[in-house]
Amino acid sequence: MRAHRDRRYIPRFQRTTILLGILCVVVLIVVVQLWLLTATMNAYLGGERDLLLAALIVSALCFALNLGLLRYVYKLDR
Amino acid sequence: MSVRDPDELSVPPDGRPASEQPQWRKDFPIDWPQDTYISRRELGKFLVLTSFAFVVGQAWIWIKGWFGRAPKWPVTKIGRVSEISVGETLLFHYPDKLHPRLLVRASEHELLAYDQKCTHLSCPVIAEVDKSIFYCPCHHGTFDLKTGRVISGPPPRPLPKVKLRVQGDEIFAVGVEDRMS
């Protein structure tokens, strides 16, 4: 009986390359979030209230994206 | 003869064969590619945690903005028109001692008051009435005297304007206006 192989094996050096690519994307997203935080604080100190909720939603979406990418990395290892 | 997964072999960082490695490395073999992989994965975890911290910061600003109550500005007498000549300034605190403000008599009938703290890094600004500017000596920021708007330098926002009311000879501060532009 042939052993059932339902998972494609990814060699470690390929996983490392994938991880490096994901890290680059995560770093970019975190930098965008940092800029968003400073811009939001500047708007708040200037009395703007309309932008705050939109900024929070965008930041939360960035975090969700980062979380999804991290989840994919852990999925690779299983 | 079983074939070992090449991922399982230990690869020293200098790339030389195991027989050429120093004794301590033979005694404590570390799978270097795996170590590299794990440390980069841990960096990814840390970055995602940082991302979450930024979301918490955004949420805090939003909560402060929408649920913080608008301040009730007191009406405070700050001086007399007759005590300030044209071109002179008066330092006062409004609404409390933590908030220094500058009153400027720009012309015979023009009284202006702004926050004295520069919007860059809170250095006290100096009114130069002859040049019609407020000047921040810390990082050479300049603001327009009439409007409080940024003319040059690193300040990101105009100076908050203090609302004034003149009753006879007396000058009252009645509120502060934060502005983005």
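The basis for the numbers below is simple: all heavy atoms, side chains too, and nothing from hydrogens, waters or symmetry mates. Chain letters run A, B, ... following the sequence lines, proteins first and then strands; every chain starts at 1.
With rounding to the nearest 0.5 Å, the separation of CG in A:Leu56 from CH2 in B:Trp60 is 14.0 Å. If you take CD1 on B:Ile61 and CG on A:Leu53, they are separated by 13.0 Å, rounding to the nearest 0.5 Å. Considering OG1 of A:Thr17 and OH of B:Tyr37, their distance stands at 10.5 Å, rounded to 0.5 Å. Note: A:Thr40 OG1 to B:Trp62 CH2 = 13.5 Å, rounded to the nearest 0.5 Å.
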Worked verdict on B:Phe54 versus A:Leu36 for side-chain contact (heavy atoms from CB on, under 4.5 Å): CA-CA 9 Å; B:Phe54 286 151; A:Leu36 192 62; over 6 Å; no
Criterion side-chain contact (heavy atoms from CB on, under 4.5 Å) on A:Gln33 and B:Val55, from CA distance to verdict: CA-CA 8 Å; A:Gln33 278 188 282; B:Val55 174; 3.5 Å; yes
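Tested against B:Arg41 for a side-chain contact (heavy atoms from CB on, under 4.5 Å), the candidates A:Leu76, A:Thr16, A:Leu19 yield a single pass: A:Leu19.
Only the side chain of A:Leu70 comes within less than 4.5 Å of a heavy atom of chain B; its backbone N, CA, C and O stay farther away. Residue A:Ile22: no heavy atom, backbone or side chain, is found under 4.5 Å from chain B.
Listed options A:Gly47, A:Ser59, A:Ala55, A:Ala60 were ranked by heavy-atom pairs under 4.5 angstrom with chain B; first place goes to A:Ser59.
A continuous path of Ile, Leu, Val, Met, Phe, Trp and Tyr side chains, each step under 4.5 Å between heavy atoms, connects A:Val25 with A:Leu67, placing both in one hydrophobic cluster. Under the 4.5 Å side-chain contact rule for hydrophobic residues, A:Val26 and A:Ile29 share a cluster. Cluster membership check: B:Leu164 shares its hydrophobic cluster with B:Leu90, using side-chain heavy-atom separations under 4.5 Å among Ile, Leu, Val, Met, Phe, Trp and Tyr.
Taking a 6.0 Å sphere around OH of A:Tyr74, one finds it holds more than 12 heavy atoms contributed by other residues, nucleotides or ligands. Heavy-atom contacts from other residues, nucleotides or ligands closer than 6.0 Å to OH of B:Tyr135 number more than 12.
Considering only heavy atoms from C-beta on, B:Lys45 stays 4.5 Å or farther from A:Val73 through its side chain. Under the 4.5 Å side-chain criterion, counting only non-hydrogen atoms from C-beta, A:Leu34 is not in contact with B:Thr50. Within the 4.5 Å cutoff, the side chain of A:Phe63 has heavy atoms near those of the B:Val48 side chain.
Residues B:Gly44 and A:Leu23 approach most closely at CA-CD2, 3.4 Å, considering heavy atoms. Nearest heavy atoms, A:Val30 versus B:Leu47: CG2-O, 3.7 Å. B:Gly57 and A:Leu37 get closest at one heavy-atom pair: C-CD1, 3.8 Å. Scanning all heavy atoms of the two residues, the minimum distance from A:Leu52 to B:Trp66 falls at CB-NE1, 4.2 Å.
Note on residues 42-51 of chain A: pairs passing side-chain hydrogen bond (donor to acceptor under 3.5 Å, both in side chains), not counting sequence neighbours, are A:Asn42-B:Arg157.
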